[in-house]
Amino acid sequence: MEKRKLGNSGLEVSALGLGCMGLTFGYGPSTDEKDAIKIIQAAYEQGVTFFDTAEAYSQGGNEKLLGKAVKPFRDKVVIATKFGFKDGDSSKGQDSRPERIRRVAENSLRYLQTDYIDLFYQHRVDA
């Protein structure tokens with residue numbers, strides 16, 4: 001798998017990444033957890049090292065799923081997750097106040113079962 005560098009921090013990811021949103025949110029019913037974990041782990045086995053999620057995808061449920069799936073190889077992948085919505089719910093509007101960002105970061109670390117987030121950014125810019 002080809003690699004790409006993101007920005008100038010040295011963060012390197014696979015040229016192909018896996019956006020995990022659709023596994024729990026947005027495109028109909030959630031994928032069965034065992035099947036979703038198999039999908040994520042199969043992507044890793046084929047060279048994917050970049051995985052994207054967000055608090056707003058099932059109010060942390062997507063992050064929990066991804067954390068469980070990558071736990072055996074967490075140190076070999078890059079996880080991107082996002083903040084920016086009230087209560088983690090995109091239908092409630094935007095909220096990127098500093099205290100909200102901190103709360104989301106703390107929740108994301110817990111949900112992802114990790115002590116670091118590789119790429120943490122704003123989902124939508126507050127109006």
Side-chain angles (χ1 to χ4, degrees):
M1 174 78 63
E2 288 184 43
K3 302 280 186 177
R4 301 278 191 270
K5 289 207 179 202
L6 298 181
N8 56 12
S9 69
L11 191 62
E12 188 174 80
V13 299
S14 55
L16 294 175
L18 180 62
C20 296
M21 180 185 83
L23 297 172
T24 65
F25 177 83
Y27 299 119
S30 294
T31 305
D32 174 77
E33 183 178 284
K34 287 181 183 179
D35 291 338
I37 289 171
K38 284 181 187 176
I39 290 167
I40 293 166
Q41 292 179 343
Y44 173 74
E45 289 169 11
Q46 294 179 39
V48 173
T49 61
F50 187 40
F51 295 88
D52 178 80
T53 185
E55 173 202 34
Y57 307 154
S58 304
Q59 285 72 52
N62 197 266
E63 290 174 316
K64 289 176 185 175
L65 173 69
L66 180 59
K68 187 183 286 189
V70 303
K71 191 170 187 167
F73 46 85
R74 170 61 184 106
D75 61 328
K76 294 176 178 63
V77 298
V78 172
I79 294 176
T81 192
K82 300 172 281 299
F83 63 87
F85 294 110
K86 290 181 184 172
D87 302 322
D89 184 342
S90 60
S91 69
K92 292 185 177 181
Q94 299 157 330
D95 184 358
S96 291
R97 293 172 297 132
E99 60 271 20
R100 178 73 185 136
I101 295 169
R102 181 177 192 85
R103 192 168 346 133
V104 174
E106 290 168 352
N107 288 340
S108 293
L109 288 166
R110 188 175 66 255
Y111 296 154
L112 290 163
Q113 301 179 50
T114 189
D115 58 354
Y116 65 99
I117 297 168
D118 302 286
L119 186 59
F120 186 62
Y121 63 102
Q122 190 174 29
H123 209 139
R124 299 282 187 274
V125 177
D126 284 7

Asker: Which one of R100, K64, K82, K86 satisfies the salt bridge (charged side-chain N to carboxylate O under 4.0 Å, His left out) criterion with E55?
Answerer: R100
Asker: Establish, for the pair R74 and Y116, whether the NZ or CZ atom is under 6.0 angstrom from the six-membered ring centre and no further than 45 degrees off its axis.
Answerer: yes
Asker: Among T24, N107, T81, which one satisfies side-chain hydrogen bond (donor to acceptor under 3.5 Å, both in side chains) with E63?
Answerer: T81
Asker: CG/N62 to OG/S30 distance, rounded to the nearest 0.5 angstrom?
Answerer: 8.5 Å
Asker: Taking all non-hydrogen atoms of both residues, which atom of G84 and which atom of S96 are closest, and how far apart?
Answerer: CA-OG, 3.4 Å
Asker: What are the two closest non-hydrogen atoms of G67 and Q113, and how far apart are they?
Answerer: C-NE2, 4.1 Å
Asker: Going by the ring-ring contact (aromatic ring centres under 6.0 Å, His included) test, which pairs reach into residues 53-78, not counting sequence neighbours?
Answerer: F25-Y57, Y44-F73, Y57-H123
Asker: To the nearest 0.5 Å, tell me how far K38 NZ sits from D32 CG.
Answerer: 8.5 Å
Asker: Taking it one step at a time, do R103 and E99 satisfy salt bridge (charged side-chain N to carboxylate O under 4.0 Å, His left out)?
Answerer: CA-CA 6 Å; R103 192 168 346 133; E99 60 271 20; over 6 Å; no
Asker: Would you mind reporting whether D87 and Q59 have side-chain heavy atoms less than 4.5 Å apart?
Answerer: no
Asker: Show me the donor-acceptor pairs within less than 3.5 Å that the side chains of residues 13-21 make with the rest of the protein, sequence neighbours left out.
Answerer:
| residue | atom | partner | partner atom | Å |
| --- | --- | --- | --- | --- |
| S14 | OG | L16 | O | 2.4 |
| S14 | OG | T49 | N | 2.9 |

Asker: Do I37 and L65 touch side chain to side chain, with heavy atoms closer than 4.5 Å?
Answerer: yes
Asker: Do the non-hydrogen side-chain atoms of F85 and K92 ever get within less than 4.5 Å of each other?
Answerer: no
Asker: Please tell me if the side chains of F50 and L119 come closer than 4.5 Å, counting only heavy atoms from C-beta onward.
Answerer: yes
Asker: Please check if the number of heavy atoms outside R102 that lie under 6.0 Å from its CZ is greater than 12.
Answerer: no
